[in-house]
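Everything numeric here is computed off the predicted structure, so don't read it as measured data. In each ligand, atom 1 is the first atom listed, and ligand 1 is the first ligand listed.
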Amino acid sequence: MTERTFSIIKPDATRRNLTGKVNAVIEDAGLRIVAQKRIQMSRAQAEKFYEIHSERPFFGELVEFMTSAPVVVQVLEGESAVTKYREVMGATNPAQAAEGTIRKLYAESVGENSVHGSDSLENAKLEIAQFFSDDEIVG
Ligand code: CMP
């Protein structure tokens, strides 16, 4: 089934000028970038986005990191896009990520791991709606 998922190219990757390289891995995997914008996330946006992790010990560090430089937010479309993009990203911890995945190629640590991707179709819809209006997504 054709799905849409939400992606963020994180500050560690934008800082190293890796947006194009990350996008090449995404497109080579057959996912289409149907919306994309570079933004400076506000503290409020980051806290809302990662609300589910608010009790975790790394929450403060995570919000600090996500607001430390611009990010690129994206909507990706394709067959089974949610699970496909999770495969393309690789494991959260780059030390455990498979060869050829974005995190194996580019991520620096479990915290500074270059990309985010939605973990379910339901969350993908909520996350997309947090950053994009319908008319910004052109499939
Ligand atoms: P992401 O997929 O964006 O969702 C939650 C994020 O929390 C995760 O990627 C990591 O960047 C971050 N994270 C997870 N575990 C840790 C950790 N142990 N220390 C710091 N950050 C973490």
Side-chain angles (χ1 to χ4, degrees):
M1 196 180 63
T2 301
E3 295 174 351
R4 284 177 177 171
T5 192
F6 179 71
S7 161
I8 306 177
I9 303 179
K10 296 186 181 184
D12 66 286
T14 62
R15 234 183 243 125
R16 287 175 290 150
N17 219 15
L18 292 171
T19 300
K21 288 204 165 79
V22 170
N23 280 349
V25 180
I26 290 169
E27 293 186 334
D28 286 349
L31 290 164
R32 305 184 71 82
I33 302 165
V34 294
Q36 169 169 265
K37 58 189 170 190
R38 181 175 165 101
I39 61 165
Q40 171 62 53
M41 232 190 238
S42 67
R43 172 164 288 271
Q45 268 178 316
E47 284 175 349
K48 178 160 185 271
F49 185 75
Y50 281 121
E51 203 169 20
I52 192 173
H53 298 301
S54 62
E55 301 303 317
R56 303 276 196 106
F58 56 80
F59 181 67
E61 194 185 312
L62 179 58
V63 169
E64 208 56 48
F65 168 59
M66 292 301 288
T67 56
S68 67
V71 298
V72 177
V73 290
Q74 306 175 307
V75 181
L76 310 181
E77 187 176 270
E79 187 68 24
S80 307
V82 173
T83 43
K84 180 176 263 188
Y85 189 45
R86 292 186 74 79
E87 286 166 19
V88 170
M89 288 193 298
T92 304
N93 185 345
Q96 285 151 20
E99 288 299 327
T101 61
I102 294 169
R103 286 169 172 158
K104 176 70 177 184
L105 287 165
Y106 302 120
E108 304 193 298
S109 66
V110 66
E112 309 211 349
N113 62 358
S114 300
V115 278
H116 165 84
S118 308
D119 62 4
S120 67
L121 196 52
E122 190 190 357
N123 281 339
K125 289 190 174 125
L126 294 171
E127 291 174 1
I128 289 168
Q130 201 182 323
F131 290 95
F132 291 98
S133 59
D134 285 347
D135 65 356
E136 288 178 310
I137 305 168
V138 185

*For Y50, counting its heavy atoms only, list the atoms of ligand 1 lying under 4.0 Å from any of them.*
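Near Y50, the atoms of ligand 1 are 1 (P), 3 (O), 4 (O), 5 (C).
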
_Ligand-residue contact atoms, ligand 1 with R103, heavy atoms, under 4.0 Å_ =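 In order of number, 2 (O).
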
*Would you find more than 12 non-hydrogen atoms of other residues, nucleotides or ligands less than 6.0 Å from R16 atom CZ?*
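Enclosed.
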
*Please report which non-hydrogen protein atom sits nearest to atom 5 (C) of ligand 1, along with the residue it belongs to and the distance in Å to one decimal place.*
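Sorting protein heavy atoms by distance from atom 5 (C) of ligand 1 puts H53 NE2, 3.4 Å first.
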
*How far is atom 2 (O) of ligand 1 from its nearest protein heavy atom, and which residue and atom name does that atom have?*
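In this structure, atom 2 (O) of ligand 1 has H116 ND1, 3.3 Å as its nearest protein heavy atom.
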
Which bit of [X] is near ligand 1, meaning a heavy atom under 4.0 Å away: side chain, backbone, both or neither?
X: V110; result: both
X: R56; result: neither
X: K10; result: side chain

*Same apolar cluster: V63 and F6, side chain cutoff 4.5 Å*: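 Yes, V63 connects to F6 through the hydrophobic network.
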
*Keeping to residues at least two apart or across chains, list the salt bridge (charged side-chain N to carboxylate O under 4.0 Å, His left out) pairs with something in residues 81-97.*
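Passing the test, one end in residues 81-97: no pairs.
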
*Not counting sequence neighbours, list each pair that qualifies as a salt bridge (charged side-chain N to carboxylate O under 4.0 Å, His left out) and has a residue in residues 120-139.*
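For residues 120-139: K37-E136.
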
*For atom 16 (C) of ligand 1, which candidate among F59, F65, F58 provides the closest heavy atom?*
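Minimum heavy-atom distance to atom 16 (C) of ligand 1 goes to F58.
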
_Test item: Q74 side-chain N/O and A35 main-chain N/O as donor-acceptor pair under 3.5 Å_ =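 Such a contact is absent between Q74 side chain and A35 backbone.
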
_Test side-chain contact (heavy atoms from CB on, under 4.5 Å) applied to N93 and N113, step by step_ = CA-CA 7 Å; N93 185 345; N113 62 358; over 6 Å; no

